[in-house]
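Just so you know, these numbers come straight off a predicted model, no measurement behind them.
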Amino acid sequence: MTDRPAPAPGMRHRSMRDHNLGVVLGEVARRGTISRAGLAVATGLTKSTVSSLVGELVEARLLVAEGRTGEGERGRPGIGLGLDGGHVAGLGCEIGARRLAVRVVDLRRRTRVRLERVGSNRRSPDAVFAELGALAVEAEQRAHAQGLTLVGAGLAVPGLLDHDQRRLVAAPNLGWRDVPLDPHLAGLPPRAGLPVTVDNEANLAALGELRLGVGTGRPSFLVVTGEVGIGAGLVVGSGLYSGADGFAGELGHVVVVPGGAPCACGGRGCLETVAGLPALLRAAGLDPEGGLAPLLTALDRPAGDAAGDAARTAVDGAAAALALALTAAVHLLAPGLIVLGGTLAALGRVLIPRLDVALAAQVGALRGSAPPVTTSALGADAAVLGAALGVLDAVVADPVRILPS
């Protein structure tokens, strides 16, 4: 048996070792628990190489022995290895239109710290990032008290990002445009030199569902998140698809009512002018800033009740508009599953029956059946958890980034 080939020709010995550390750690992450002998078989690495790499990863507190498995040599039980969840963690942060959220997640994908602040973020970026930074510092302190070290941070934002220039191009529902990110991210933990990554909240919600939610084990699905705006994250081949310019997934700005109501993006008749939460509340005769609870209460009123009937009419209109946009998405992208997140998940009991009927009518004749529609398993936490999990994915793929030099 020989070591797995290096990923590029002419790779130096140390680079091959670095690559193989990621191969071994990634295999343990996929399997849950596996012996050294099992790792040698699964990775194609020699037993001596596996032993050396495992020793480094145990010393770095990324792997830990977990009792015996049935995968030892010549049928004898082997010592199981699993991810060490007691030392390394990722920090996830989210700026939503109506809340700030921070989570610390350990290497075993367990949430260890959960902090948030509810209130409008339609304020200056300086004010919002200052408050987010304070929450993140508190989260880091709480993580340290549990023996955890943050190895990176991820941030979910509701807007279009220029990743190359590290700037937020536009976040209409925050009222932000052309915001340079690096000056604001400097106030976030962890220690200097470790990365802070930023992505659209719908993309990170899709990553959260892929790693921890209803998308686990599914190669293709579409997550549709709703709050003030509506976004979509697409998983293809078990990985995120963000488009050539990183702007894929702006489902909320698909036009469903040509010439309709003006949208914060500058267009008219976009999906979120009908199915976004403020639009839903307004259509139901409720305060557009009043949150979801009054709408849910009104939906529970009996038929013939004026408030209840108005709420159901508003949801019917939102469901029809959402079905129109999703029909186009299904024909174009053919996802195996549609996942509703955010406020759309909270409305799932009334939205899903309507969407199932509409999608079956629009898609079934051509495709035979429409993809099933379900609600997020992670609720409002999908994006902030995805932000933290993205940090941990990077560590698993390249553990050298956090090893002592």
Q: Table please: side-chain donor-acceptor pairs of residues 383-400 below 3.5 Å, with sequence neighbours left out.
A:
unit_1	atom_1	unit_2	atom_2	d
D393	OD1	R211	NE	3.2
D393	OD2	R211	NE	2.9
D393	OD2	R211	NH2	3.0

Q: Please report the interatomic distance CG(L25) to CG(L53), rounded to the nearest 0.5 Å.
A: 10.5 Å
Q: When you measure from the side chain of S52 to the backbone N and O of T49, does any donor-acceptor pair fall under 3.5 Å?
A: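 No, because the side chain of S52 does not come within donor-acceptor range (under 3.5 Å) of the backbone of T49.
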Q: Can you tell me which residue pairs pass the side-chain hydrogen bond (donor to acceptor under 3.5 Å, both in side chains) test with a partner in residues 290-307, sequence neighbours excluded?
A: D300-R349
Q: Tell me if the CD atom of Q146 is crowded by more than 12 foreign heavy atoms within 6.0 Å.
A: yes
Q: Can you list the steps and then say if E94 with R99 is a salt bridge (charged side-chain N to carboxylate O under 4.0 Å, His left out)?
A: CA-CA 8 Å; E94 181 181 6; R99 73 167 190 160; 3.2 Å; yes
Q: Which pairs would a plain distance check flag for residues 175-187, meaning a side-chain donor or acceptor within less than 3.5 Å of a matching protein atom at least two apart in sequence or in another chain?
A:
unit_1	atom_1	unit_2	atom_2	d
W176	NE1	R123	O	2.7
W176	NE1	L174	O	3.4
D178	OD1	R167	NH1	2.7
D182	OD1	R166	NE	3.0
D182	OD1	R166	NH2	3.1

Q: Any side-chain to backbone donor/acceptor pair from D309 onto G304? Under 3.5 Å, distance only.
A: yes
Q: Out of curiosity, D106 CG to D84 CG, how far, rounded to the nearest 0.5 Å?
A: 9.0 Å
Q: Between side-chain atoms of residues 329-338 and protein atoms elsewhere (two or more places apart, or another chain), which donor-acceptor pairs fall under 3.5 Å?
A:
none

Q: How long is the gap from CD on E140 to CG on L188, to the nearest 0.5 Å?
A: 10.0 Å
Q: Quick one: side chain to side chain contact (heavy atoms under 4.5 Å, CB included) partners of A358, sequence neighbours excluded?
A: A323
Q: S120: which residues meet the side chain to side chain contact (heavy atoms under 4.5 Å, CB included) condition with it, sequence neighbours left out?
A: R122
Q: Report the residues that fulfil side-chain hydrogen bond (donor to acceptor under 3.5 Å, both in side chains) with H87, sequence neighbours left out, ordered by chain and then residue number.
A: R61
Q: Under the side chain to side chain contact (heavy atoms under 4.5 Å, CB included) test, which residues partner E138, sequence neighbours left out?
A: L115, R142
Q: Restricting to side chain to side chain contact (heavy atoms under 4.5 Å, CB included), what partner residues turn up for P288, sequence neighbours left out?
A: P278, R282
Q: Output a table of donor-acceptor pairs, distance under 3.5 Å, between side-chain atoms of residues 256-269 and any protein atom two or more places apart or on a different chain; print 'none' if there are none.
A:
unit_1	atom_1	unit_2	atom_2	d
R268	NE	G260	O	3.0
R268	NH2	G260	O	3.4

Q: Under 3.5 Å, sequence neighbours excluded: what are the donor-acceptor pairs made by side chains of residues 213-228?
A:
unit_1	atom_1	unit_2	atom_2	d
T216	OG1	L210	O	3.4
T216	OG1	G213	O	2.9
T225	OG1	E201	OE1	3.3
T225	OG1	E201	OE2	3.2
E227	OE1	A97	N	3.3
E227	OE2	R98	N	3.2

Q: To the nearest 0.5 Å, tell me how far I95 CD1 sits from L168 CG.
A: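 Output value for this atom pair is 8.5 Å.
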Q: Counting C-beta onward and ignoring hydrogens, is there a side-chain heavy-atom pair between R109 and L83 closer than 4.5 Å?
A: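 Of all side-chain heavy-atom pairs linking L83 with R109, none is under 4.5 Å.
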Q: If the condition is side-chain hydrogen bond (donor to acceptor under 3.5 Å, both in side chains), which residues does T343 pass it with, not counting sequence neighbours?
A: none
